[in-house]
Amino acid sequence: MGRGRDNPFDGLAALPWPVALVVGLLGYAAIRHGVPAYVARLDGPLAQALAMQRDALAPIAWLFLGACSIASLAAFVRARRRRRLLDACTQLDHVAALGWRDFERLVGEAFRRQGYGIEETGLGGADGGIDLILHKGGQRTLVQCKQWRRRQVPVGVVREMYGLLAHHGAQAVRIAALGGFTRDAARFAQGKPIDLIDGPTLLAMIRSVQAAELSCADTRDAPVVSQPTGPVEHDPDPGHQAGASPDCPRCGATMVRRANRRTGATFWGCSGYPACRGTR
């Protein structure tokens, strides 16, 4: 994630790509047609001079639209990269192999898929290590990402983040640290709006959003199954009995129980999705 945005282009590229494109279209309409229409209502020599030069605004309008279109494309590419990054992290070793920038992107994408609005502040370092600000339900949460593989986050870092709550008008703090936290840090966080996310907890969060995406994909792909009206016969296959998980017919991995949200019908789906789409 970028460490600060120094120009309007970076700000547009940080928006969802449809928003950046809409901004470009609205700006083009305002510059190309809105400004001349407004000037035409004015009186005086200045208004007449501007009216005579109305076509001079066309290049500016096209330039603005072009810049917003490029920013929209950049936002689309970044969003796709973040999605692929999260989908590829299925084990803790995958997360540990990331660089610090991709680690921040991974954490941000995990929260984004949970419905949070993400503000990539670029304030990490001199301003207290704030990498993200989450927005959801009118609440603001400060997030710091520590991609330390062999070091635990000390209490000083947690205390510093807690001290920034009031300054940034936030309600909670979350610190994601691959190497975990010291005992003093964990004790300090108790009873406070501080959520300490170690490596296994982060991986569980990643897997939960991956499973949510899998459930949505299964809902789209699964055929509509009519519900029986008569007595239901018991499945003789012991792999379908309660408490037992069958093996995937495609890759042999353990399967998990899924449900079609439209029909309520349940089925087994491969735990290795999206690499394997086996069902039974």
Side-chain angles (χ1 to χ4, degrees), residues 1-88 98-125 127 130-143 145 168-169 209 213 216-217 220 274:
M1 295 179 184
R3 293 285 171 181
R5 290 186 284 271
D6 299 325
N7 56 71
F9 180 87
D10 290 335
L12 284 172
L15 297 173
W17 70 266
V19 176
L21 188 58
V22 169
V23 169
L25 293 172
L26 292 177
Y28 172 84
I31 298 172
R32 184 72 176 85
H33 303 289
V35 173
Y38 174 77
V39 170
R41 299 178 182 179
L42 302 178
D43 296 325
L46 178 60
Q48 294 177 0
L50 291 175
M52 294 177 62
Q53 299 295 327
R54 59 183 304 171
D55 290 339
L57 296 177
I60 300 176
W62 282 111
L63 181 62
F64 183 83
L65 178 59
C68 290
S69 298
I70 295 174
S72 177
L73 178 61
F76 174 80
V77 172
R78 290 178 184 177
R80 187 174 182 180
R81 179 184 179 186
R82 287 193 298 263
R83 293 185 66 86
R84 288 183 173 181
L85 177 66
L86 188 141
D87 291 339
L98 298 176
W100 66 270
R101 287 186 182 275
D102 279 339
F103 183 72
E104 290 181 7
R105 294 186 180 103
L106 176 70
V107 174
E109 181 64 15
F111 283 119
R112 182 179 285 105
R113 293 201 198 181
Q114 296 181 67
Y116 287 93
I118 308 297
E119 181 182 345
E120 301 174 358
T121 64
L123 299 180
D127 198 28
I130 301 173
D131 299 306
L132 305 168
I133 297 180
L134 310 181
H135 299 272
K136 189 175 183 180
Q139 302 293 308
R140 305 180 80 224
T141 302
L142 308 181
V143 178
C145 304
H168 290 274
V209 296
E213 291 286 321
C216 292
R220 294 191 298 266

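Quick caveat, the model's predicted, so the values are computed rather than measured.
The CZ atom of R101 sits 7.5 Å away from atom CD of E104, with the distance rounded to the nearest 0.5 Å. For the atom pair CZ (F111) and OG1 (T141), the distance works out to 8.0 Å, reported to the nearest 0.5 Å.
Within the 4.5 Å cutoff, no side-chain heavy atoms of I130 are placed close to those of V143. Annotation: side chain of V107 is not in contact with side chain of D131 (no heavy-atom distance under 4.5 Å). At least one side-chain heavy atom of V23 sits less than 4.5 Å from a side-chain heavy atom of F64. Looking at V209 and Q114, their side chains come closer than 4.5 Å, going by heavy atoms from C-beta outward. Counting heavy atoms from C-beta on, the side chains of L106 and L86 come closer than 4.5 Å. H168 is listed as a side-chain neighbour of L142, based on a closest heavy-atom distance under 4.5 Å.
Residue R32 comes nearest to A58 through the heavy atom pair NE-CB, 3.4 Å, listed as atom of the first residue, atom of the second, then distance. The two residues A20 and A71 make their nearest non-hydrogen contact at CB-C, 4.5 Å. The shortest non-hydrogen separation linking L21 to S69 is CD1-OG, 4.0 Å. Among all heavy-atom pairs drawn from G108 and L132, the shortest one is CA-CD1, 3.7 Å.
Not one N or O on the side chain of R112 forms a donor-acceptor pair closer than 3.5 Å with the backbone of R83. For the pair S72 (side chain) and C68 (backbone), a donor-acceptor distance under 3.5 Å is absent.
Looking at R81 and D102, a side-chain N of the basic residue comes within less than 4.0 Å of a carboxylate O on the acidic one, giving a salt bridge.
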